[in-house]
Every structure is written in C-alpha cells, then in structure tokens.
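Letters go in sequence order (proteins before strands), and every chain restarts at 1.
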Protein chains: 2
Amino acid sequence: MALRESILGLLCDGPMTGYEIKQFFRNVIRNFWSVSDGQLYPTLKKMHAEDLISLRVVRQDSTANKHVYSISEKGRGQFEKWLREPVTKFEELKEPFVLKVFFFDKLSHEEVIRHLRSQLDLHARILDEFRSIRDSYKGRITAFQGMIGDMGVLYVEVRMLWINRMIDMVHKGLIEKKGALYTEEMVEIGKKFLEEIFSEKPSQEFQKWLRKLQSGLPVVADKRPRSKQVRSMADGLSR
Amino acid sequence: MALRESILGLLCDGPMTGYEIKQFFRNVIRNFWSVSDGQLYPTLKKMHAEDLISLRVVRQDSTANKHVYSISEKGRGQFEKWLREPVTKFEELKEPFVLKVFFFDKLSHEEVIRHLRSQLDLHARILDEFRSIRDSYKGRITAFQGMIGDMGVLYVEVRMLWINRMIDMVHKGLIEKKGALYTEEMVEIGKKFLEEIFSEKPSQEFQKWLRKLQSGLPVVADKRPRSKQVRSMADGLSR
DNA sequence: CTACTCATGTAACACGTTACATGATTTC
DNA sequence: GAAATCATGTAACGTGTTACATGAGTAG
C-alpha cells in the first residue's frame with residue numbers, strides 16, 4: 001500500500017485539509033496515481049486513528065467543517081522508512097488492450113485495424129495532454145517531478161510506435177493464422193523462463209549489463225554505426 | 001473485468017482443465033496478466049454457474065478429480081462481444097517506484113543514486129528474461145503475441161533509459177531543492193489540464209497528429225535531420 | 001527426507017470503485 | 001434555473017492477494 005505513504009509525504013511540507021489532499025491527487029498526482037473519494041476519506045480517518053496524522057477541525061457555518069491534518073512524528077518515521085526502502089518488485093503492466101491483442105488472431109484484419117486506429121487516436125490525445133501539462137509545469141516543479149512527466153510522454157510515444165508497427169504488419173500481410181493459441185510447448189518454455197527468474201544466479205547476458213553499468217557506460221546505448229543497425233524498436237521517437 | 005473474458009478466449013480453442021488454465025496464466029499470460037489460485041478457481045465456478053462454460057469431471061483415484069471446462073454458446077458470444085469492443089480508456093501506470101520518485105527531493109543524492117541503481121539492476125534482469133522468452137517463443141506464436149513480447153522488451157528498455165537519465169542528472173548536479181512539493185499553482189495548472197481532457201474538442205496539436213495518421217505517414221517519426229536533433233528521449237535504444 | 005508437482009479449493013483480508021447523501025455558495 | 005464548487009462522508013460491490021487445507025506421487 002502506497003496511498004498512506006503518499007499522503008504522509010504531502011503532509012511533510014505542512015498541514016492540509018482532506019479536500020486539499022483530494023484536489024492534489026485529482027489534479028497533480030493523478031497522472032500516475034489516482035484515488036477516489038470513497039478511498040481517501042476513510043483512509044484519512046484510519047490514519048488518524050493510528051496516530052500517523054493529527055486532526056484539527058475548523059468550524060464552517062455555511063458548509064461542512066474542514067478537517068486539517070498534520071503529520072505526526074510516528075507518521076514522519078513511517079514515511080521516511082518507506083521512502084528509503086528499495087523497490088524490488090517489477091510492476092507488470094496489466095492492460096486490457098494487451099489482453100485483446102493476445103486474441104487478435106480471432107478477428108478479421110479490418111476489425112484489428114479498427115482497434116489499432118482507435119487506440120492510436122486515444123494515445124495521440126493523451127500524448128497531447130501529457131505534453132501540455134509538462135510544459136505548463138516547467139520551472140515550477142522539482143527536477144524529479146519533471147522526469148515523471150517525461151516518463152509519461154515517453155511511454156505514450158513508445159506505445160504509439162508499437163501500435164503503428166502492428167498496423168504496418170497487418171497492411172503488409174505479415175499475419176498468418178497459427179491455430180490454437182494454447183500449446184503445451186508454450187507452457188514448457190514459460191516454465192524454463194520462470195526458473196531463470198527465480199534462480200538467484202543471474203545469466204551471462206545480465207552480467208554483461210552489470211559490467212557495463214559499473215564501468216559507467218550508458219547501459220542501453222547501441223554502439224553499432226547508425227547505417228548498419230537493424231531498425232531499432234524505438235527508432236524515430238520525437239521529444 | 002477481463003479475467004473471465006480471457007478464460008473464455010482460451011477455451012475457444014478447445015476444453016481445458018482448471019489446472020491447465022492456471023498453468024497457462026502462470027507460464028505464458030503472466031507476462032502481462034497474472035491470476036492467483038484464490039481468484040481463478042472461484043471464478044471458474046461462478047462462470048459455470050452462469051452457464052458461460054460447461055463442466056465435465058474426470059475421476060482420478062490417486063488425487064483430486066480433474067475439472068474439464070468447455071466454452072458454451074453463451075460464453076462464446078460474450079467473448080466475441082468483448083473482443084470487438086473498442087478500448088476507450090487510457091490505463092494509467094500505477095507504480096510505487098514512480099511515487100517514490102515524486103518524493104526524491106526529500107532524499108540525499110547518495111540515497112537517490114542507490115535507489116536508481118537498484119532499479120537499474122532489477123530492470124536489467126527483467127530485460128534479460130523478456131528477451132530470452134521472446135527468443136524461445138519465436139516461430140511458435142502468432143505475430144500479435146510476438147508483438148506483446150516486443151512491447152515488454154521495449155518498455156523495459158525505455159524505463160532503463162529513463163532511470164539512466166536521472167542518474168546522469170544527479171551526477172551533473174542538476175537537482176536543486178524547490179521547497180514544498182505542493183503548491184496551489186500546480187493544482188490550478190492541473191485543473192486546466194483536466195478541462196482539456198474532458199472537453200470533447202481536440203486541440204490543434206491533436207488534429208495535426210490525426211492528419212498525419214490519416215495520410216498514412218508514420219505518426220511518431222521525427223523528420224529533422226539526425227545531426228540537428230535535440231537528443232531524443234528514446235535515443236540509443238537497442239533491439 | 002525434503003520438496004515439488006498435480007489438482008482442487010476456502011477464508012480472511014486488502015485495495016479500489018461507484019453511487020449515493022448532505023447542504024450552502026457561486027458561476028454560466 | 002442548472003450545474004459546478006466546497007467539504008465531508010457511507011454502503012455496497014468488485015477485484016485481487018495470502019495463507020491455509022487436502023493428499024497422493026515423484027524427483028533429487
């Protein structure tokens with residue numbers, strides 16, 4: 001759970017009302033982490049009960065009273081502990097669209113293209129939004145917060161590239177039907193893959209990466225001369 | 001909910017036991033969609049109760065009986081309806097690590113670097129896995145399934161690039177403290193951004209994209225001569 | 001002798017969304 | 001006069017994880 005910790009993080013810079021926290025999530029953090037009312041208010045209550053935050057109620061005659069929350073020593077400790085803990089889990093992308101792509105074999109080329117174009121439209125729109133908000137924030141936020149904005153833009157760009165490549169693929173007729181999607185062979189291969197993940201000894205390729213990393217070289221750089229390169233997956237991305 | 005639909009999708013190609021479905025999720029689909037036992041078995045039961053799938057129990061003396069499920073007409077209808085429905089929602093990335101990055105201002109440079117390096121290690125390892133499984137599957141899966149593998153690799157590559165840029169940034173001392181992370185200004189800007197998202201009229205930039213798209217040009221291509229380009233966000237990605 | 005595979009499940013919990021409720025004030 | 005803003009919340013539901021239970025067979 002990271003909602004509690006992010007609330008604590010906000011309160012580190014000074015007291016805030018529940019409504020202000022809600023607004024901040026809705027209008028700023030929402031780019032990468034959303035919270036609903038039905039989750040936020042009960043969570044604040046629970047955190048108060050656990051002495052992570054203290055509460056001061058400000059009377060308002062016209063409307064509901066304001067609840068001003070401040071971080072407690074206990075809360076600050078918990079936040080700092082969380083912030084320093086290394087993240088050791090790779091977060092999988094769980095996207096309904098990708099699940100549909102898995103089954104695209106079962107659709108006609110026209111239907112697939114319709115799907116891909118509508119995704120492209122959606123992403124183009126989102127990219128536009130991400131770019132304008134990034135521009136508006138320029139100079140007002142920390143360098144790290146700026147990098148989060150960059151990640152958003154970059155991610156959407158890459159997705160569009162990916163979708164475009166699928167469109168190309170269909171147009172060029174590179175799709176042949178393969179029969180059943182499920183084969184025992186696939187499961188077997190997956191098992192091998194799993195073993196490698198959970199065995200603690202890293203593979204050779206991983207060790208090469210590590211050496212590069214430690215020598216200070218850019219880890220993802222491709223050293224082949226531009227002209228000789230196989231078309232890179234991320235070619236042609238613009239800023 | 002997409003778990004039910006993906007189960008139906010698997011059963012389209014023939015009957016499977018609960019255990020086989022579980023294995024398939026665990027060893028193949030898990031790359032982009034995971035399911036726990038505690039979710040799968042009850043879901044199969046519910047789907048059977050709703051007549052989406054039919055059940056045949058195969059007696060086994062030595063151990064628990066096998067439950068062989070087949071898709072029903074109703075189930076097939078529901079799957080096909082789902083598969084054809086356009087995806088209109090942009091799935092936000094909800095990642096604990098990004099949330100931490102938001103608060104990196106509150107850590108020392110050394111602590112930030114430690115975080116970033118451990119993330120890089122993790123991603124290098126995952127990249128390795130993604131690449132090997134992609135290679136193993138080559139020739140055995142549909143072109144679309146192959147593209148899912150490519151997306152995974154591409155995504156991890158981009159993340160590593162992003163993390164490397166943050167490391168660079170810290171080393172070059174491009175990080176200045178900005179005081180409070182929360183400002184009313186940010187909320188105001190966010191509100192404007194929101195309006196643009198929900199107003200149905202697309203912006204000029206979005207329309208430019210759309211024109212490019214409809215004229216068949218690659219939408220994300222950057223036409224500036226290579227030498228004059230500002231270093232692109234995704235420069236140096238390898239296959 | 002330990003641990004894993006096959007094969008199914010349950011119960012408790014954690015996380016998150018949606019819809020609703022209140023009620024005055026301000027803006028279109 | 002309708003709708004949004006300010007300001008708080010509850011109840012019902014849906015999704016998903018973790019830990020546990022059973023019990024035989026097999027591989028190291």
Side-chain angles (χ1 to χ4, degrees), chain A residues 1-7 16-27 29-30 33-50 55-69 89 91-92 94-96 99 184 187-188 190-191 194-195 198-199, chain B residues 1-7 16-27 29-30 33-50 55-69 89 91-92 94-96 99 184 187-188 190-191 194-195 198-199:
Chain A
M1 191 176 15
L3 170 60
R4 302 160 91 88
E5 281 79 7
S6 56
I7 291 171
M16 284 170 91
T17 70
Y19 192 72
E20 278 174 329
I21 294 172
K22 172 186 155 174
Q23 290 297 89
F24 198 69
F25 269 101
R26 192 168 172 67
N27 294 320
I29 297 181
R30 216 227 0 188
W33 200 282
S34 66
V35 184
S36 59
D37 289 15
Q39 201 193 351
L40 180 62
Y41 286 114
T43 300
L44 285 170
K45 250 193 174 171
K46 272 179 240 157
M47 288 171 73
H48 180 232
E50 291 165 28
L55 168 64
R56 191 168 55 85
V57 178
V58 176
R59 287 266 177 86
Q60 294 193 137
D61 292 332
S62 60
T63 181
N65 294 334
K66 277 183 186 176
H67 289 199
V68 181
Y69 293 101
K89 205 196 146 213
E91 217 61 28
E92 71 188 320
K94 218 176 178 183
E95 290 188 73
L99 206 57
E184 274 176 47
V187 174
E188 283 313 308
K191 269 185 203 160
L194 265 187
E195 266 170 46
F198 291 119
S199 74
Chain B
M1 189 172 19
L3 170 60
R4 301 161 90 88
E5 281 80 7
S6 55
I7 291 171
M16 284 171 90
T17 70
Y19 192 73
E20 277 174 329
I21 294 172
K22 173 186 154 176
Q23 290 297 87
F24 197 70
F25 269 100
R26 191 168 173 67
N27 295 319
I29 297 183
R30 216 232 353 193
W33 201 282
S34 67
V35 184
S36 59
D37 288 15
Q39 202 193 351
L40 180 63
Y41 286 113
T43 300
L44 286 170
K45 249 194 177 173
K46 273 179 238 157
M47 286 170 73
H48 180 234
E50 291 165 27
L55 168 64
R56 191 169 56 85
V57 177
V58 176
R59 287 266 178 87
Q60 294 193 135
D61 291 332
S62 59
T63 180
N65 294 335
K66 276 184 186 177
H67 290 198
V68 181
Y69 293 101
K89 205 195 146 214
E91 217 61 29
E92 69 188 324
K94 219 175 178 184
E95 290 189 74
L99 206 56
E184 277 175 43
V187 175
E188 285 311 309
K191 270 185 202 160
L194 264 188
E195 267 170 44
F198 291 119
S199 73

Euclidean distance, atom [atom1] of residue [X] to atom [atom2] of [N] [Å, nearest integer]:
X: B:Q39; N: D:dA19; atom1: CD; atom2: P; value: 16 Å
X: A:R30; N: C:dT17; atom1: CZ; atom2: P; value: 12 Å
X: A:Y41; N: C:dC15; atom1: OH; atom2: P; value: 21 Å
X: A:I21; N: D:dT8; atom1: CD1; atom2: P; value: 9 Å
X: B:M1; N: C:dG16; atom1: CE; atom2: C1'; value: 15 Å
X: A:L40; N: D:dC6; atom1: CG; atom2: C1'; value: 15 Å
X: A:D37; N: C:dA21; atom1: CG; atom2: C1'; value: 13 Å
X: A:E91; N: D:dT17; atom1: CD; atom2: P; value: 11 Å

### Message
For a quick test of reading the model, state the closest non-hydrogen atom pair linking B:V58 to B:V68 and the distance between them.
### Response
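In terms of heavy atoms, the two residues are closest at CG2-CG2, 3.8 Å.
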### Least distance between heavy atoms, A:S6 atom then A:F25 atom
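It is OG-CZ, 3.3 Å.
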Between [options], which nucleotide gets closest to the side-chain atoms of [X]?
X: A:T17; options: C:dT17, D:dT8, C:dG9; answer: D:dT8
X: B:P42; options: C:dA7, C:dT10, D:dT8; answer: C:dT10
X: B:S34; options: D:dT17, D:dG9, C:dA7; answer: D:dT17
X: B:T63; options: D:dG9, C:dG16, D:dG23; answer: D:dG23
X: B:Y19; options: C:dG23, C:dC15, C:dA7; answer: C:dA7

### Message
Is there a side-chain contact (heavy atoms from CB on, under 4.5 Å) between A:Y69 and A:M47? Walk through the geometry before answering.
### Response
CA-CA 10 Å; A:Y69 293 101; A:M47 288 171 73; over 6 Å; no
### Message
At less than 3.5 Å, do the side-chain atoms of A:S36 and the base atoms of C:dG16 form a donor-acceptor pair?
### Response
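Such a pair does not exist between side chain and base.
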So, does [X] get its side chain near the phosphate of [N], meaning an N or O under 4.0 Å from OP1 or OP2?
X: B:K45; N: C:dT10; result: yes
X: B:Q23; N: C:dC6; result: yes
X: B:Q60; N: C:dA7; result: yes

Scan [X] against the nucleic acid and name what it touches under 4.0 Å (heavy atoms): base, sugar-phosphate only, or nothing.
X: B:G18; value: sugar-phosphate
X: B:D61; value: nothing
X: B:K46; value: nothing
X: A:K22; value: base

### Task
Take B:L44 and B:E92, find for each the nucleotide of DNA chain C with the closest heavy atom, and name the residue whose nucleotide sits nearer the 5' end.
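Per heavy-atom nearest nucleotide, the more 5' residue is B:L44.
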Review item, side-chain donor-acceptor pairs of residues 38-46 of chain A, under 3.5 Å, at least two apart:
residue, atom, partner, partner atom, Å
A:T43, OG1, A:Q39, O, 2.5

#### Entry: Residues forming a salt bridge (Lys or Arg N to Asp or Glu O under 4.0 Å) with A:E95, sequence neighbours excluded
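So A:E95 forms a salt bridge (Lys or Arg N to Asp or Glu O under 4.0 Å) with A:R159.
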### Inter-residue atom distance B:E20.CD - B:H67.NE2, 0.5 Å rounding
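Reported to 0.5 Å precision, the distance equals 13.5 Å.
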